[in-house]
Number of protein chains: 2
Amino acid sequence: MPVTLKDIAERVGKSVPTVSRALGNFEDISPETRAEVQRVAREMGYEPSATALNLKTRRTNTISLILPSYAQLRFSDPFFSAFLTGVVEIAAARGVDLSVSGDLGADVEAAYLKQIRSRRTDGFIVMRTQRQDSRIDLLRKHDVPFVAFGRVEGDNNFCYVDEDGTAGIRAAVDHLAALGHRRLGYISEPTHLTKSYHRYAGFREGVEANNLPYDPALVIEANFRQDSGRQSALRLLSMEKPPTAIVCANDLLALGALNEAQSRGLVVGRDVSITGFDDILLAEYTHPSLTTLHQPAQEMGGMVADILLKLVNKEPVEEPQIIIRPTLVVRESSGPAPT
Amino acid sequence: MPVTLKDIAERVGKSVPTVSRALGNFEDISPETRAEVQRVAREMGYEPSATALNLKTRRTNTISLILPSYAQLRFSDPFFSAFLTGVVEIAAARGVDLSVSGDLGADVEAAYLKQIRSRRTDGFIVMRTQRQDSRIDLLRKHDVPFVAFGRVEGDNNFCYVDEDGTAGIRAAVDHLAALGHRRLGYISEPTHLTKSYHRYAGFREGVEANNLPYDPALVIEANFRQDSGRQSALRLLSMEKPPTAIVCANDLLALGALNEAQSRGLVVGRDVSITGFDDILLAEYTHPSLTTLHQPAQEMGGMVADILLKLVNKEPVEEPQIIIRPTLVVRESSGPAPT
DNA sequence: ATTGACTTCTAAATCGATTTAGAATATGAT
DNA sequence: ATCATATTCTAAATCGATTTAGAAGTCAAT
């Protein structure tokens, strides 16, 4: 049975408010009473009821993240664990919990509305925005604090942390162009996610900036996973004039491509170059190791949490919009263009 | 501003309790009043305050998981995302949220105590038990509902879901023995985690059951990550009489070993066989693909959540202790012993 | 007309804290 | 002795729901 203020009050023979104020170090409590109350509270292992406090203060000390069930993001986003860790670390340091819930595979808006209306949370983290994102619209409309991981198409006047996917892929293309590659293939994720769209934009930009020929047939829209990367690579490599390098929108796709290339007897990094995006733990340990773009996933999670907590506390947010430029990590999967 | 019962009461000109009972479909409310109240509630977008309900009912509709900061489990456990998804899915279906918090890197018990005393949660999920696990002791002592993912050494009289790591590694050893391997190396995780200990036990058991010679020098305790797997493999493969097969306690270690073997010019699956454990997404896509043990991570998360919710609701739990036997997935990294 | 039985509602208490307003006591000044 | 002032406490209201007990009204039966 948990200890309440009342229990302490009975033990010290004072009223509940007195105990409350003694614990709060208020001036109108005599030093002796204060000391006595605090001693007893410690002895009894008192901890205020979070629920009662929530009700009184209208704060839940909880921030929410609703796992999207559209696109199996959770599986295909190797980023997620690290990001979550970053969020939890920052939140924990401020005494705030992260509530993770599901949208029941049905109505995303309903899931958000329920959380909002039942006042379960102080604010939301919106994972992996879509170009048109009803979650953002909803949260804005209800004036609920939130921070998005990603931007949207259109009005981006809200707090977000995002990767610079365009600059990332652009760096990969520049790298390949510098290695002499002229004919580049691109394996894209479905572009309803903003990040996928930005990454794709980076490809277009890079091709143009390096004066490479653009061939729409070399751009394939896959899903998020390896098998799809493999299939896409199959299509690219069976063309009569296949690309000498394949830029992939993420590491999993790149691993699929790697696999396909190898099973055709190609030596990756020599016969064909392949790049990824995300620098998942395994990128370094594939054979050959994968040239890719590194992102500080955990730090980004921390940034999102930090901004959100400031919003919730109505503290000023110095940098409400942060775009992180990924860094190119050159490994063995990319090499000079074959002559 | 969220809608409260009071708001509805004012709108329909009835008292708050009447509204409450009308929404609860109580018998002592006239059908007309009931209909009217429910209509107005719907119109106004009423949702009961979770906080107020929590206070009144002493239930939070939240289950908790505290991320351990000992051993960077979160990074090294590729299992985690899928497991979490399973938990959230089952919980969401029952209208329960998952609260993820951190232990602030300091006192694990303090983190649990705080959650318990402040009555923030209905129950706990204990991730990845240790052989001596103070979390379990604490939760038992305080009689708080919990389900562990993993067992402990000693009294296991509590609800848990666990993998059968012993049977898993045993299956790998049997498989290698059947391929003619006699000299097996084992790369272990630190064995303070119960799962690591069980996996190691499987190795001992397999070696014995197959009448293989046991050489302590062939067992290396690594940490959880690839680089460590690589270093361990280096030691094993530089022995004057190296093992012909290396059993690894997890896939990441196996990938490290794979890498080391390959950089020595060995063909994995022919010159040396390597097996892993977990069947992470990438096990299928390495080159050669990895023989490993598959675990239904998401389902296991679901099972844990299911049992916990039953405990919380004081419903009978048919199967309070579940041990899942992983399935051996034979791929290219294991082959006949070289002659 | 009184009683009893129903029906339908409201008043008040409760969950566990905080906060505002005001009471009781002690102290000092005149 | 009286009044003002300070000190230290308590009573009561509040947050938003539920629940118990009981009030008010209707109707039929005696």
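Just so we're on the same page: letters track the sequence lines, and every chain starts at 1.
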What donor-acceptor contacts under 3.5 angstrom involve side-chain atoms of residues 23-30 of chain A, with partners at least two apart or in another chain?
{"unit_1": "A:Asn25", "atom_1": "OD1", "unit_2": "A:Gln38", "atom_2": "NE2", "d": "3.0"}
{"unit_1": "A:Asp28", "atom_1": "OD1", "unit_2": "A:Arg21", "atom_2": "NH1", "d": "2.9"}
{"unit_1": "A:Asp28", "atom_1": "OD2", "unit_2": "A:Arg21", "atom_2": "NH1", "d": "2.7"}
{"unit_1": "A:Ser30", "atom_1": "OG", "unit_2": "A:Thr33", "atom_2": "N", "d": "3.3"}
{"unit_1": "A:Ser30", "atom_1": "OG", "unit_2": "A:Thr33", "atom_2": "OG1", "d": "2.6"}

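- For B:Arg131, the salt bridge (charged side-chain N to carboxylate O under 4.0 Å, His left out) partners two or more places apart in sequence, or in a different chain, are B:Glu153.
- Going from atom CD of B:Glu47 over to atom P of D:dA17 covers 10 Å, rounded to whole Å.
- Considering only residues two or more places apart in sequence or on other chains, B:Asp162 meets the salt bridge (charged side-chain N to carboxylate O under 4.0 Å, His left out) condition with B:Arg151.
- Using cut-offs of 30° and 60° on the angle between ring planes, the pair A:Phe83 and A:Phe149 is tilted.
- For B:Glu318, the side chain to side chain contact (heavy atoms under 4.5 Å, CB included) test picks out B:Lys310, with sequence neighbours left out.
- Sorted by first and then second residue, the side-chain hydrogen bond (donor to acceptor under 3.5 Å, both in side chains) pairs involving residues 136-150 of chain B (not counting sequence neighbours) are B:Arg140-B:Asp155.
- Partners of B:Ala92 by side chain to side chain contact (heavy atoms under 4.5 Å, CB included), not counting sequence neighbours, listed by chain and number: A:Leu104.
- Counting any heavy atom pair closer than 4.0 Å across all strands shown, B:Thr4 reaches sugar-phosphate atoms only and no base atom.
- Two residues are said to be in side-chain contact when any heavy atoms from C-beta on lie closer than 4.5 Å; B:Tyr160 and B:Val126 fail this criterion.
- B:Asn25 places its CG atom 15 Å from the C1' atom of D:dT18, with the value rounded to the nearest Å.
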Using nucleotides 5-7 of chain D, report all nitrogen or oxygen pairs with the protein that are shorter than 3.5 Å.
none

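- For B:Tyr46, there are no ring pair (Phe, Tyr, Trp, His ring centres under 6.0 Å) partners two or more places apart in sequence or in a different chain.
- Computed from coordinates, the B:Leu53 CG to C:dG16 C1' distance equals 15 Å when rounded to whole Å.
- For the helix from C:dA1-D:dT30 to C:dT30-D:dA1, the end axes, each set by the C1' atoms of five terminal pairs, are bent relative to each other by 90° (nearest 10°).
- Separating the CZ atom of A:Arg120 from the P atom of D:dG16 is a distance of 16 Å, rounded to the nearest angstrom.
- With no hydrogens or angles considered, a side-chain donor-acceptor pair links B:Gln115 and B:Ser64 at under 3.5 Å.
- At whole-Å resolution of the value, CG in B:Leu55 and P in C:dA13 are 17 Å apart.
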Give me the distances for all protein-to-nucleotides 19-24 of chain C N/O pairs that come in under 3.5 Å?
none

Donor-acceptor pairs under 3.5 Å, side chain of residues 2-14 of chain B to any protein atom, not counting sequence neighbours: which ones?
{"unit_1": "B:Thr4", "atom_1": "OG1", "unit_2": "B:Lys6", "atom_2": "N", "d": "3.3"}
{"unit_1": "B:Thr4", "atom_1": "OG1", "unit_2": "B:Asp7", "atom_2": "N", "d": "3.3"}
{"unit_1": "B:Thr4", "atom_1": "OG1", "unit_2": "B:Asp7", "atom_2": "OD2", "d": "3.3"}
{"unit_1": "B:Asp7", "atom_1": "OD2", "unit_2": "B:Thr4", "atom_2": "N", "d": "2.8"}
{"unit_1": "B:Arg11", "atom_1": "NH2", "unit_2": "B:Glu43", "atom_2": "OE1", "d": "3.4"}

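- Checking each of A:Arg94, A:Arg59, A:Lys314 against A:Asp122 for a salt bridge (Lys or Arg N to Asp or Glu O under 4.0 Å) leaves exactly one that passes, namely A:Arg59.
- Atom CG of A:Leu5 and atom C1' of C:dT18 are 9 Å apart (whole Å).
- Judged by distance alone, the side chains of A:Asn54 and A:Thr60 never bring a donor and an acceptor atom under 3.5 Å apart.
- Near DNA chain C, meaning a heavy atom under 4.0 Å away, the residues from residues 32-46 of chain B are B:Thr33.
- One finds a side-chain N or O of A:Ser15 lying less than 4.0 angstrom from the OP1 or OP2 phosphate oxygen of D:dT10.
- Projected onto DNA chain C by closest heavy-atom contact, B:Thr18 and B:Ala52 fall at different nucleotides, the more 5' of which corresponds to B:Thr18.
- Along DNA chain C, the nucleotide nearest B:Arg58 and the nucleotide nearest B:Lys14 are compared for position; the residue whose nucleotide lies closer to the 5' end is B:Lys14.
- Closest to the side chain of A:Arg119, out of D:dG16, D:dT8, C:dA17, is D:dG16.
- B:Phe146 places none of its side-chain heavy atoms less than 4.5 Å from the side chain of B:Leu311.
- A:Asn54 has its CG atom 18 Å from the P atom of C:dC15, to the nearest Å.
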